[in-house]
Each structure stands twice: as structure tokens, then as C-alpha cells.
Amino acid sequence: MRGRILAALVPALLLSACGGPEVPLEELRQQAENGACVLSVDADVEAGRDTWMGFYEAAQAGEDAEVTLVYWYHGDPHGHSRQDSCYTNRLSFEEGVYTLVAEGAENEIVLEQYACLLRFEEEPDTDSGAAYQKMIAYVLADDADLTWREVIGNMGRSQVDDPLYIRERIVYTEYLCASEAEAS
């Protein structure tokens, strides 16, 4: 029953308040500041941190929760075009399961379920020249013992070809400069 309800609601969810690419970036920023969604611009969370933390803390407490995640990219992140692109995902936690409803290739709807949401906090190597002091990432996975090194090593692996592939999905990444890193 729950699956049928989700299937019926998926198109509406993806076109909700922080919806499709027709919404200007400034409007998405305002919506995220007002708590309607979490906005990532070019793979870095820009607005909606409190909304994310509300979702995360509720889920960690075992309470049902949901959040809209909007990913905006200046130009295609895969280098296929110079057009801006916007993807909207819905993440929910219900009955101990994380469910991600995401846009796939060519606007297909992808529904994935995971057992856990892991939090990673990393600092760059001192000689890396990174512009950030700390990176915070949240990853959906089925293995609660998954490490950040394994997540990074999994990038580029194909679930079809590679026997070392790990089913996981990074849903939130935030890069903090020195003053923000000290405050967190």
C-alpha cells in the first residue's frame, strides 16, 4: 500500500515548492532560507542547514520526517552542456527506513531505500591547497560501518561491472571555511 501511495505522489513531490529547473536560483535560495528545502549549489549546501538538521535529528530520534533536497549546478556537472540544471529529491524517514525519491536520467523517477544515514566530517590534507577547512557529508547506505574512505573509493564504480561496488548515495555535502569550521 505504501509503495502505491508513493508511486502516485512521486510526480507531485518532484514538482513541489522547490521544484523544477524553471524556478530561478534566487527564488530557490529564498525558499531554502524560509525552511521549504535544502539548497546545494555546485555540490555545496548553500541554504537550508536548519531544515536539514531538523530532519536529521528527528530521524536519529526514530521520528518520521521528510525533507526536500534541491541540487543546482551552474552548467551541466557532467560537461555535456553549459546550461544550468536543477534536480529535486525527496528524502523521508519512516518506520526505520530512509526512502529517497530522486530524478534520474531523462526525468525518470528513481525510488531507493536505505537502512541508515551516516555523517562524516573530514579535514583536507594540510598540503592539499583546499579552500575549505572542514567538509561535512551525509551518506545514505545499508552498512552502518561504511567509512568515508570507502565512499570516496566507490565513486566511479559501476554497480553492474564492479564487484567492489557499495550501494550508497551522498545526499548532503557542506564545505566550511575557517570561521564556519570553528563555529560548528
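Just so it is clear, the values below take in all heavy atoms, side chains as well, and ignore hydrogens, waters and symmetry mates. Model, not experiment: these values are computed from the prediction.
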- Message: Looking at every non-hydrogen atom in both residues, tell me the closest pair between Leu39 and Leu28 and how far apart they are.
- Response: CD2-C, 4.0 Å

- Hey, are the side chains of Val67 and Phe93 touching, using non-hydrogen atoms and a 4.5 Å cut-off? no

- Member of Leu111, Val110, Leu91 meeting the side chain to side chain contact (heavy atoms under 4.5 Å, CB included) criterion with Val101: Leu111

- Task: Look up atom CD1 in Ile170 and atom CG in Leu118, then write down how far apart they are to the nearest 0.5 Å.
- Result: 11.0 Å

- Message: I want to check something: taking the side chain as every heavy atom from C-beta on, are Asp143 and Ile166 in contact at a cut-off of under 4.5 Å?
- Response: no

- Check whether any side-chain heavy atom of Val171 lies under 4.5 Å from a side-chain heavy atom of Asn89, and answer yes or no. no

- Task: Drop me the distance from Asp142's CG to Gln113's CD, to the nearest 0.5 angstrom.
- Result: 10.0 Å

- Message: Using every non-hydrogen atom in the two residues, find where Val38 and Gly48 come nearest and quote the distance to one decimal.
- Response: CG2-O, 3.5 Å

- Message: Applying salt bridge (charged side-chain N to carboxylate O under 4.0 Å, His left out), can you list everything that pairs with Asp42, at least two apart in sequence or on another chain?
- Response: none

- Smallest separation among heavy atoms of Trp148 and Val139, with atom names: CZ3-CG2, 3.9 Å

- His74 versus Val41: any side-chain heavy-atom pair under 4.5 Å? yes

- Which of Glu123, Glu121, Glu122 passes salt bridge (Lys or Arg N to Asp or Glu O under 4.0 Å) with Lys134? It is Glu121

- Between Glu26 and Gln30, is any side-chain donor less than 3.5 angstrom from a side-chain acceptor? no

- Pairwise distance CG(Asp50) to CD(Glu57) - rounded to 0.5 angstrom: 9.5 Å

- Item | With sequence neighbours excluded, residues passing salt bridge (charged side-chain N to carboxylate O under 4.0 Å, His left out) with Glu46 | Arg29

- Compare every heavy atom of Val70 with every heavy atom of Cys86, then report the nearest pair and how far apart it is. SG-CG1, 3.6 Å

- Task: First locate atom CG of Asn154, then atom CD of Glu168, and finally report the distance between them rounded to the nearest 0.5 Å.
- Result: 4.5 Å

- Item | Partners passing side-chain hydrogen bond (donor to acceptor under 3.5 Å, both in side chains) against Tyr172 (at least two apart in sequence or in another chain) | Glu174

- Please name the pair of heavy atoms, one in Asp64 and one in Glu94, separated by the smallest distance, quoted to 0.1 Å. OD1-CA, 3.5 Å

- Query: Do Glu150 side-chain atoms and Thr147 backbone N/O form a donor-acceptor pair below 3.5 Å?
  - Reply: yes

- Task: Considering non-hydrogen atoms only, spot the tightest contact between Val45 and Ser40 and give its length.
- Result: CG2-OG, 3.4 Å

- When rounded to the nearest 0.5 angstrom, what is the spacing between SG in Cys37 and OH in Tyr71? 11.0 Å

- Rounded to the nearest 0.5 Å, what's the gap from OG1 on Thr173 to CZ on Phe120? Could you check? 11.0 Å

- Parallel, tilted or perpendicular, as decided by the 30° and 60° cut-offs, for the rings of Tyr98 and Phe55: perpendicular

